[in-house]
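Here the structure comes first, spelled out in structure tokens, and everything after it is commentary.
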Amino acid sequence: MLRQLPSKTEMPDLIVDISQTARATGINTELFQPGAEVAKDFYAEQPISLEMNGTYHQFGRFVSGVASLPRVVIMTFHDISLAPKERKQGEPALPPGVLGLKGTIKTYRYLDESEIAAQAEAQQAAPQGGAQ
């Protein structure tokens, strides 16, 4: 099951696929910024900061579209706010029902054997705290 997650080489394409899925649903993306990857025991998290505008149904189609991507894509939402979009001064009037989504999503990939081995070596080489 772990191998159904994307690999390191597949992550750039996966990030593009997520962005294109948002565009295909009609969502206006103001910010889509991948952050630094964080390695865990056997997987890595890839945070992506988002600011998007769309309707409730567009966001539903976005999540459904991501779920139907060919690889298993696990997205978790963190510190997400979803509220009616405020019109900024000087901007044209917004259509009714437009929501603004801000927050971070995280997607995950598996670490290959060489990455796990390198992580274990780094942990063994790190000085042990507390013993003197």
Side-chain angles (χ1 to χ4, degrees):
M1 187 153 164
L2 182 62
R3 297 289 181 201
Q4 291 178 352
L5 289 173
S7 68
K8 185 174 186 171
T9 59
E10 294 170 314
M11 281 303 287
D13 289 337
L14 174 65
I15 290 171
V16 169
D17 288 346
I18 292 170
S19 176
Q20 288 178 344
T21 299
R23 184 176 305 179
T25 62
I27 290 174
N28 176 30
T29 304
E30 293 181 6
L31 176 69
F32 188 92
Q33 184 175 6
E37 194 174 75
V38 178
K40 301 293 184 174
D41 292 334
F42 59 90
Y43 65 94
E45 322 181 310
Q46 175 74 59
I48 303 169
S49 297
L50 299 175
E51 287 186 26
M52 300 175 152
N53 303 317
T55 65
Y56 176 83
H57 294 291
Q58 286 172 321
F59 286 119
R61 285 193 300 272
F62 168 64
V63 172
S64 178
V66 169
S68 68
L69 290 173
R71 280 300 219 168
V72 172
V73 180
I74 299 170
M75 275 192 339
T76 57
F77 291 82
H78 303 267
D79 302 320
I80 293 290
S81 68
L82 183 64
K85 177 70 177 163
E86 297 288 329
R87 181 177 154 255
K88 295 178 184 172
Q89 189 173 6
E91 286 185 341
L94 294 168
V98 173
L99 302 169
L101 180 141
K102 291 183 181 183
T104 302
I105 61 171
K106 291 182 183 179
T107 189
Y108 304 87
R109 72 170 180 86
Y110 72 87
L111 297 176
D112 62 29
E113 287 89 20
S114 64
E115 291 175 300
I116 293 171
Q119 188 176 353
E121 286 177 23
Q123 287 176 348
Q124 288 178 349
Q128 300 296 323
Q132 294 199 8

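Position 1 is the first residue of the sequence, and the numbers go up from there. Since the model is a prediction, treat every value here as computed from it, not as a measurement.
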Rounded distance [0.5 Å steps], CG in Leu14 versus OG1 in Thr9: 11.5 Å
Scan residues 19-29 for pairs that pass side chain to side chain donor-acceptor pair (under 3.5 Å), counting only residues two or more places apart or in two chains. none
For Ser68, which residues count as a side-chain hydrogen bond (donor to acceptor under 3.5 Å, both in side chains) partner, sequence neighbours excluded? none
I'd like to check the side-chain hydrogen bond (donor to acceptor under 3.5 Å, both in side chains) partners of Ser64; sequence neighbours left out, ordered by chain and number. none
What pairs of residues pass the ring-ring contact (aromatic ring centres under 6.0 Å, His included) test when at least one of them lies in residues 72-109, not counting sequence neighbours? Tyr43-Tyr108
Indicate, with yes or no, if Val63 and Leu50 share a hydrophobic cluster defined by side-chain heavy-atom contacts under 4.5 Å among Ile, Leu, Val, Met, Phe, Trp and Tyr. yes
Those residues at least two apart in sequence (or on a different chain) that pass side-chain hydrogen bond (donor to acceptor under 3.5 Å, both in side chains) with Asn53 are Glu30
Let me confirm one number: the CD1-CE distance from Ile18 to Met11, rounded to the nearest 0.5 Å. 7.0 Å
Taking only residues two or more places apart in sequence or in another chain, which ones pass salt bridge (charged side-chain N to carboxylate O under 4.0 Å, His left out) with Glu115? Lys8, Arg109
How would you list, by chain and number, every residue that makes a side-chain hydrogen bond (donor to acceptor under 3.5 Å, both in side chains) with Ser114, sequence neighbours excluded? Asp112
Quick check: closest heavy atoms across Leu99 and Thr55, and the distance to 0.1 Å? CD1-C, 4.4 Å
Test of understanding: clusters of I, L, V, M, F, W, Y form through side-chain heavy atoms closer than 4.5 Å, transitively. Do Val98 and Tyr56 belong to the same one? no
Just to verify, what does Lys102 make a salt bridge (charged side-chain N to carboxylate O under 4.0 Å, His left out) with, not counting sequence neighbours? none
Kindly work out whether a path of hydrophobic side-chain contacts (I/L/V/M/F/W/Y, heavy atoms less than 4.5 Å apart) joins Ile27 to Leu69. yes
Here the pair of heavy atoms bringing Thr104 nearest to Ser49 is OG1-OG, 4.2 Å
Do you reckon Ile15 sits in the same ILVMFWY cluster as Val38, going by side-chain contacts under 4.5 Å, direct or chained? no
Summary of salt bridge (charged side-chain N to carboxylate O under 4.0 Å, His left out) pairs that have at least one residue in residues 44-60, sequence neighbours excluded: Glu45-Lys106
What residues, two or more places apart in sequence or in another chain, satisfy ring pair (Phe, Tyr, Trp, His ring centres under 6.0 Å) together with Phe59? none
Nearest heavy-atom neighbours spanning Pro47 and Ala36: CD-O, 3.3 Å
Show your reasoning for whether side chain to side chain contact (heavy atoms under 4.5 Å, CB included) applies to Leu111 and Ile116. CA-CA 6 Å; Leu111 297 176; Ile116 293 171; 3.8 Å; yes
